[in-house]
Amino acid sequence: MAMGHCFSLLTARYLPSPLHEAFISSTADMKSFLKVALCGLTYFTSALGQSCQTTTLRSTVPSDSNVALGSYSYCGGTFKATAYIANVNYNKVVTLYYTNRQNESTPLSSLTFGYSSSIDDGSWELWTTSTPVYIDGITELLNLTYRATDIGETYVQQLGLPVDATGAPEPTLAAPPAPYASPQGFSDDITDWLAVKGNPNVDSEAKLAFQRMFLNINPAVEGAVDGVVVAARSGPSYEQKDPDYEYTWVRDASLTMDVVATLYSAATKRKVKQQYEEILFEYAGARATEQNDPDLITGLGEPKFYLNNTAFTGPWGRPQNDGPATSAITLMEFANSYLEDGGDVNIIQERVYDSATYPSEAPVMKDLLFVASNWSSPSFDLWEEEESDHFYTRMVQRRALVMGSDFATKMGDPSTSAILSSAADALTDTLSQFWDPNREILLYEYGPVLKGKSSYLDIAVVLGVNHGYAGDGVYSYTNDEVLSSALRISTSFLDVYPIASTHTDSSGQVLGIPVGRYPEDVYNGTGTEENGGNPWYLCTAAMAQYLYSASNEYNDAGSITVTDVSKSFFDYFAPNAGLQAGQTYRSRSKEYRQAIDSLHGWGDAFMRTVKYYTPEDGHLAEEYNRDTGAPQGAGDLTWSYASVLTAAFARAEAIGRKPYVKHVANMGVEPNT
Ligand code: NOJ
Ligand code: NOJ
């Protein structure tokens, strides 16, 4: 780092001067002063022959305020800055607001700082940020806001500082990579791996996933009550103690019970159908118990409960407002099948829907009304890490509201139906905010970079479509923005995981990309570690499921239309079809057939990756190691099993094997002892 000599000369004179104090408190003078003093306020670092300019505003703590920007630079698309923060309480949120290249200030145009070091015996702290913002640019710093959350105080330094990009140029969006393979069609190895063939004695991963999933529903753990789902076989009661997943998470339970609802609807053996029915009614009751728990800290968005179904009240990322939505979706799916089969509507009112009359038994109306009044509030994401406005959460909330509006009508409740449908419309109007034309993705959240997730890529977007598509054409599998996002997200892991360079299995068949939560992930399954994030089984299976579902949707539509936005998806996932933007390919065309075959080939390739990294005993943990592929994190993760089954169901539809789900369902459940 080379400092301009006029910097060191002038700084020494400048910083302690009274003018400096005046400068900080009067923003009006700031711009003109900056122009005069620029030489004295800057130093340069050399990068690729160009110089990076750092503007220093002060290098001591302020005497008249609790927050002050120290220095900043904007080089190579990365904004770096330091700030002086008075240590007035423990929990602090430090945010810098700016305007982007379009001179707009939006929820995306702000940056968060993190603690760096302590000053003056801890009475002050230095906070820093280093955030890539290259796609949007920064033109002016608006203000630096410091929220001392424990004492409810907010301190603001108005800035009004123009920012010029210096040093290395801002990077442009990289083109997606070229595909490393072009797998075609369904393969027997995956068909066999997922086989059930109407015979419960044929061993397969699908059968094992089914059995292991049911072991975790109403688990045989002391104190566990009916209707709960243990997230994994890892925790105090199990051989594996770490991590402690011995809870029923609202999200995991609802996604697992959604598989049970699918099995219920497909089962044709009376006895097994009754088993599923009983489990689902128990689940409805457990959800109602959770809603009425006196210790909910953040209301119905409370994310996890002990297995005796009382609220976990330790520190956690809460609320997580996807849970009430996915729980309601699952129970409405069940109730719809129950009623279609001639079930008694009064039983559904009493045990599923009508929370007003049966508050201790029927949870759905209450969860739906909660979604209707809270969807616009920020909450923690499905990974429990970031409080923001999340695409995943919005998508599942939307589906709950859309389904809920119809369901309430069916329940003879037009006023609730009206509330839900108007909330659905208002929510739908916000979804276009998530599309970022500069990055060519749906942002996983509409807000500033948090936790270093500056790529804005997260498989949560694909999961949001898998779990949240309401079947009404809004952000469906084949939406061009969704297609582009699926491409950019899945390929982002190629450079992140060393095992992604293994492209074939031992018989030379193509492996799909190992997929994790998001490229910047540092959670290794038990704690956090630098470069610690791993691919996850459920995230990899989600890509397979997504591709099968996209194929199913094209099949229903009878054609594929390619746009400028979706072209890159087809270039990667259907390279041999030669599809062009602006064209529609009918189902009889060669191009259409070729493209659909490729989606099937890649779908199976992603499933093959799950298979390849599944240990011999077939058990699925949460993750597989990024370097070795060995299972890692919580063992027997219920959601991993559920994700293999839902991907297998989507595959069966794509392959035209309707009875598959029925065969799985008819296996029936052994009671847990
Ligand atoms: C546990 C959460 O469940 C997980 O999603 C998160 O990544 C880790 N804690 C680390 O914060
Ligand atoms: C951590 C995951 O990030 C979260 O999505 C999940 O709900 C919990 N583990 C429990 O499986």
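Index from 1, following the sequence. In listed order, ligands and their atoms are each counted from 1.
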- What do you reckon, does Tyr523 have a nitrogen or oxygen under 3.5 Å from a nitrogen or oxygen of ligand 2? no

- Geometric N/O contact Trp536 with ligand 2, under 3.5 angstrom: no

Where does [X] meet ligand 2, judged by heavy-atom distances below 4.0 Å: at the side chain, the backbone, both, or neither?
X      : value
Tyr392 : neither
Trp383 : both
Leu382 : backbone

- Task: Verify side-chain contact (heavy atoms from CB on, under 4.5 Å) between Trp193 and Thr614, making sure each step is shown before the conclusion.
- Result: CA-CA 11 Å; Trp193 196 58; Thr614 296; 3.7 Å; yes

Applying a strict 4.0 Å limit to heavy atoms, is [X] in contact with ligand 2?
X      : answer
Glu622 : yes
Phe380 : no
Arg517 : yes

- Message: Tell me if the CZ atom of Arg439 is crowded by more than 12 foreign heavy atoms within 6.0 Å.
- Response: yes

Taking atom types as modelled, find out whether [X] and [Y] have a side-chain donor-acceptor pair closer than 3.5 angstrom.
X      : Y      : answer
Tyr518 : Glu385 : yes
Glu384 : Trp249 : yes
His467 : Tyr392 : yes

- Task: Using a strict 4.0 Å cut-off to heavy atoms of Trp639, name the atoms of ligand 2 that fall inside it.
- Result: 5 (O)

- Note on the structure: For Asp252, the atoms of ligand 2 under 4.0 Å from one of its heavy atoms are 6 (C), 7 (O), 10 (C), 11 (O)

- Query: Just how far is it from atom CZ of Arg318 to atom OG of Ser379, taken to the nearest 0.5 Å?
  - Reply: 13.0 Å

- Query: Salt bridge check: are Arg287 and Asp367 linked by an N-O gap of less than 4.0 Å?
  - Reply: yes

